[in-house]
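Only one structure is covered here, and it is reproduced in the block below.
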Amino acid sequence: MSIKIYGDPGSGSLRRVTSAAAIMGLPIERVNIDLFKGESHTADFLELNPHGLSPVMVDGDVVLYEASAINLYLADKAGGQLLGVTPRERYEVLQWMFWSGEQWRVFATLTFDERIGKRFMGQPEDESITALTFAKIRAAAAVLDAHLAERQFVVGDQLTLADIDIAAPFSQNERTKVPFDEYPNLVAWQQRLLATVPAWAETKREVDERIDTALQGAGIGL
């Protein structure tokens with residue numbers, strides 16, 4: 001029985017899962033959920049995730065939502081070194097994954113909702129919210145930029161789930177204009193991932209095509 005991953009191809013969180021699965025060579029069955037058509041709020045989907053968000057994984061009788069939890073499950077299933085090489089590295093990977101959720105991605109996601117999502121609903125951006133998210137993103141980016149000053153990857157000497165989790169906001173930064181370009185080590189790290197991790201580059205193309213097509217279809221210019 002194949003592992004099913006439900007999600008919208010424009011989702012940065014889905015990107016984290018599909019990239020990790022590809023890197024680990026783990027076959028998955030993609031089930032498209034169109035967020036713009038409300039397909040994540042059908043009765044059937046809400047049984048999988050009552051929050052009405054994607055991605056969701058179904059592997060037999062195991063149902064998981066939250067991309068980080070899904071990736072941890074996949075990494076345990078596939079083996080390999082995306083969880084780190086040593087026990088210490090594993091805890092560092094987990095530390096940065098938790099950091100990403102609390103100090104980083106939440107504010108990038110809120111920026112997307114405010115600057116892009118609201119346009120689909122014909123609502124104006126609340127600049128006070130954007131000012132708050134930018135301040136939070138800058139504070140976290142300064143920490144990450146210093147951490148990456150003499151590192152190729154977030155943990156250890158190779159790619160881990162920490163890199164994938166933290167890189168997710170770059171899925172939309174060209175549209176949301178979050179101030180990542182103020183942090184050279186952060187930008188260099190992201191470019192390095194695109195250049196050396198084929199799955200990360202491929203999923204970027206998928207996200208870009210999905211979101212840009214949706215913006216064009218709605219007549220929204222950025």
Side-chain angles (χ1 to χ4, degrees), residues 1-80 82-83 93-94 96-102 104-114 116-118 120-121 160-172 175-176 199-200 202-215 217-218:
M1 182 178 297
S2 61
I3 300 172
K4 293 184 178 180
I5 303 293
Y6 294 75
D8 189 298
S11 165
S13 289
L14 176 68
R15 182 187 183 195
R16 289 153 58 201
V17 172
T18 55
S19 296
I23 292 164
M24 292 184 285
L26 194 62
I28 59 174
E29 178 184 346
R30 297 272 301 267
V31 181
N32 190 54
I33 298 297
D34 192 325
L35 297 180
F36 294 105
K37 294 181 178 178
E39 291 180 357
S40 66
H41 285 82
T42 64
D44 286 345
F45 190 84
L46 289 172
E47 287 187 7
L48 300 176
N49 184 353
H51 297 290
L53 297 171
S54 72
V56 173
M57 182 206 77
V58 177
D59 183 20
D61 60 356
V62 178
V63 178
L64 286 176
Y65 49 86
E66 299 297 337
S68 295
I70 295 170
N71 276 350
L72 290 170
Y73 177 91
L74 296 180
D76 276 338
K77 195 175 187 75
L82 282 186
L83 278 175
V93 169
L94 291 174
W96 282 104
M97 291 175 76
F98 297 151
W99 177 91
S100 182
E102 295 197 20
W104 185 244
R105 287 195 326 272
V106 61
F107 300 112
T109 300
L110 183 55
T111 304
F112 178 85
D113 291 344
E114 197 62 34
I116 309 299
K118 277 190 171 181
F120 284 98
M121 297 182 286
T160 68
L161 291 179
D163 295 283
I164 294 171
D165 259 30
I166 295 171
F170 278 89
S171 301
Q172 305 293 351
R175 303 173 188 86
T176 58
W200 194 243
E202 176 58 33
T203 53
K204 180 183 187 303
R205 288 189 287 269
E206 180 179 56
V207 170
D208 287 345
E209 181 180 358
R210 167 61 171 155
I211 298 299
D212 290 346
T213 299
L215 288 169

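Index from 1, following the sequence. These values consider heavy atoms only, across backbone and side chains, with no hydrogens, waters or symmetry-generated copies.
Scored by the salt bridge (charged side-chain N to carboxylate O under 4.0 Å, His left out) test, E202 finds R205 as partners (sequence neighbours excluded). Partners of E29 under the side chain to side chain donor-acceptor pair (under 3.5 Å) rule, at least two apart in sequence or in another chain, are S2. Residues meeting the salt bridge (charged side-chain N to carboxylate O under 4.0 Å, His left out) test with K118, sequence neighbours left out: E114. With sequence neighbours excluded, the residues forming a side chain to side chain contact (heavy atoms under 4.5 Å, CB included) with V31 are K4, Y6, listed by chain and number. Evaluation of the ring pair (Phe, Tyr, Trp, His ring centres under 6.0 Å) rule for F98 yields no partner, not counting sequence neighbours. Applying the side chain to side chain donor-acceptor pair (under 3.5 Å) criterion to N32, with sequence neighbours excluded, gives no partner residue. Judged as a salt bridge (charged side-chain N to carboxylate O under 4.0 Å, His left out), and not counting sequence neighbours, the contacts of D212 are R175. Legend: residues meeting ring pair (Phe, Tyr, Trp, His ring centres under 6.0 Å) with Y73, ordered by chain and number and at least two apart, are absent. Partners of S68 according to the side chain to side chain donor-acceptor pair (under 3.5 Å) rule, which considers only residues two or more places apart in sequence or in another chain, are R16, D165. With sequence neighbours excluded, no residue forms a salt bridge (charged side-chain N to carboxylate O under 4.0 Å, His left out) with D44. Not counting sequence neighbours, the partners of T203 by the side chain to side chain donor-acceptor pair (under 3.5 Å) test are R15, S19.
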query = Run the side chain to side chain contact (heavy atoms under 4.5 Å, CB included) check on I33 and V56 step by step: do they pass?
reply = CA-CA 10 Å; I33 298 297; V56 173; over 6 Å; no
Given side chain to side chain contact (heavy atoms under 4.5 Å, CB included), test L161 with W96 step by step and report yes or no. CA-CA 9 Å; L161 291 179; W96 282 104; over 6 Å; no
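Pairing each heavy atom of L14 with each of G7, the nearest pair is CD2-C, 3.7 Å.
For the pair D59/L64, no side-chain contact is recorded, criterion being any heavy-atom separation below 4.5 Å from C-beta on. Using a 4.5 Å heavy-atom cutoff, the side chains of R30 and P9 are in contact.
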Throw together a table of side-chain donor-acceptor distances under 3.5 angstrom for residues 45-53, partners on residues two or more places apart or in other chains.
| residue | atom | partner | partner atom | Å |
| --- | --- | --- | --- | --- |
| N49 | OD1 | H51 | N | 2.9 |
| N49 | ND2 | L53 | O | 2.9 |

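With a 6.0 Å radius and a threshold of 12 heavy atoms from other residues, nucleotides or ligands, E66 has its CD atom at or below the threshold.
K37 and D8 are not joined by a salt bridge, as no carboxylate oxygen comes within less than 4.0 angstrom of a charged side-chain nitrogen.
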